[in-house]
Amino acid sequence: MNNDNMNIDKINSFQKQQNKEEMKKQIITFVLMIAFTVVAFAVVASGLEAIYAVPLILILAVVQVGFQFYYFMHMKDEGHEVPSSLIFGGIWVAVLTILTMTTIIWW
Amino acid sequence: MSIAATQNRGFGATLWDYLTTVDHKKIGNMYIAAGAFFFLIGGLEALIIRIQLIKPENDFITAGLYNEMITMHGTTMIFFAATPILIGFMNAIMPLQIGARDVAFPFLNALGFWLFLFGGILLNLSWIFGGAPDAGWTSYAPLSLQSPGHGVDFYVMGLQLSGAGTLMGGINFIVTIVTMRAPGMTYMRMPLFSWTTFVTSILILFAFPALTVGLFLLMFDRMFGSAFFDVALGGNAIIWQHLFWIFGHPEVYILILPAFGIFSEIIPAFSKKRLFGYTSMVFATFLIAFLGFMVWAHHMFTVGLGPVANAIFAVATMAIAVPTGIKIFNWLATMWGGSITINSAMLWALAFIPSFTIGGMTGVMLGAASADYQYHDTYFVVAHFHYVIVGGVVFGIFAATHYWYPKLFGRILNEGMGKLAFWLFFIGFHLTFFIQHFLGLMGMPRRYWVFLEGQGLDTGNLISTLGAFLMGLGTIVVLINVIYTAVKGEKAPADPWDARTLEWSIPSPPPEYNFKKLPLVRGLDPLWIEKTEGKGKMTAAEPAVDIHMPNGSIFPFIMTIGFFIASLGFIFQVDNHLWLLAVYFGMALALGTMLARSLKDDHGHHIHKEELEREAD
């Protein structure tokens, strides 16, 4: 009985450590995402030329989507291989479609 | 609920059982039965087309009716015959093959079926409500915008309903395969039919949204005055073609991959050898699916995309021949040196290989963009896609019917009639379509109502029509066989073919919970492993436990009725705004049922282990 308790304590402390780490990462990404959003608004407010501003905002957006998927939706954790491959498959099809539309219909 | 339903039940009780069922096997059977019904309708339409073309300048039907016939033949055969029959087999067989007790979302499964069925009924209602769709199964804008009457509206709403159902089915199968495989059933031990179900479901998941979007745009253009495809108002008609084929090309792989899976089950079973090159078969399936998304513009070579786009899509198209070739050689190598049994199922599989290869070869010819300018919109194209779809998919469906009939219905189809039907259909098929290659090369355009005398097209068309009647005869023999088997067919044992995969380790037809104890899978072809090691039956992976089962529900049916009424409302509100009431009522019914379903806790029921133990093993 005593032994069991000790084991559980050990597991709990390991778990606590893990949770603490996880929380730290969550907060860092959250702060980063807010910062990115602020930067995006700032870029537009500063009156930077569109040719620089648009790609910059797009890059920020992509990184944010990455954070969203990997940290907040836990795609970085184990056991998410199938959902991630399906998501990447979907992104691939969407990119192909948009690429074709922009190049051979609207260009 | 007792599993020993020995006493006969009344018609009403049986009907209620089927209306409310969430059992994947019953839903699968209903998919197959409804698909077969639509297959007969599509076949009748095909015969009418061929009668019209039996001689030059025939006037069997009018030009307008002919347009409706070709449109409805294509739409019915693709969306309401081939797809649902294959989904029916996936539904009924795939969970048995991976050792699951049901699909992941039984309620969604029932909803998907009813949406498909009422989509099909809606489309065919157009015949009595002022004319069927007549803009071709591809319904290209601007023709589909110009088409008078409500025909194309029925096409849009019917496909939208059934498309939603198919999408649900696809998601359901993906989740089932990812989460519900039996202990030991790793991905690389899954039977090929389960693999192709998985890959097909991924294709459905990615391809159907493009159709949904396209149909929405067409619906708004036709019913609510938008101008997505109307060039005069700044729209672009080519967008429809792209959206349709971004869906449409993966759709043909949605049809053929399950058929590949079916043959990959039948050929090893009747050759008494394991599938040759299992890993490469899985790899080839994925490669076909992957490349299948990058070739849609080969349907549009003559639109004027420019030489660069045409060249890219031509190369991608030809690349698909490589994984397909891998599969063909693997099937041949599986039979090589095997102890081959030739019965009805195997006959269809054997006939498939050369027939499909001819279709694949003409596919590569059509894929050569510069040559395609010559073939485009001729009977050469018609011959090509009937060779791949009939020679591949329909042969696959017939093979699967003979192979899995004992598992689904507990009786074995009559072999004599099976072989007779095969030879009638096989000879009829080649008579009908082989000559069409040459008609096409001689310049006969597709979709034309009549052709002129003295252009060398007369004999070819006559032969083609005669072949079509042979195919019709073959189908009738299959029907007679089904009825005969239902009346006096021999009862099937659990494993009538001495086969290899899990579905043959349980009784035919399987009990509603499929596996009394989940089986322990020790490798590829799990049942065969146990047979070779002298045990002959599966080892259980768990002790006897209470089995959790979902409860039946009438909600999917009511929801579908709601969407069906709303669809009719959408179609007719163009004439009279009072029909908007039907839209509101139908949507309220559907959404209200959804709400009721969400608020009501339904935890299902258990079949207790004591009850299971009372049953003999």
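Order of the sequence lines sets the chain letters (A, B, ...), proteins ahead of strands, with each chain counted from 1.
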Proximal component of B:I174, with respect to chain A [non-hydrogen, under 4.5 Å]: side chain
Residue pair B:L243, A:M101: steps toward the side chain to side chain contact (heavy atoms under 4.5 Å, CB included) verdict: CA-CA 10 Å; B:L243 286 174; A:M101 292 274 179; 4.2 Å; yes
Neighbour count >12 (heavy atoms, 6.0 Å) for atom OH, B:Y187: yes
Heavy atoms from other residues, nucleotides or ligands near CZ of B:F286 exceed 12 (cutoff 6.0 Å): yes
OH/B:Y373: more than 12 non-hydrogen atoms of other groups inside 6.0 Å: yes
Stepwise side chain to side chain contact (heavy atoms under 4.5 Å, CB included) check, A:W92 with B:F290: CA-CA 10 Å; A:W92 169 239; B:F290 178 74; 3.2 Å; yes
Considering all heavy atoms, the nearest A:L86-B:F206 contact: O-CZ, 3.1 Å
Enclosure of A:I34 CD1 (heavy-atom neighbours >12, cutoff 6.0 Å): yes
Over 12 non-hydrogen atoms of neighbours within 6.0 angstrom of CZ in A:F36: yes
A:T100 side, atom OG1; B:F313 side, atom CZ - distance, nearest 0.5 Å: 4.5 Å
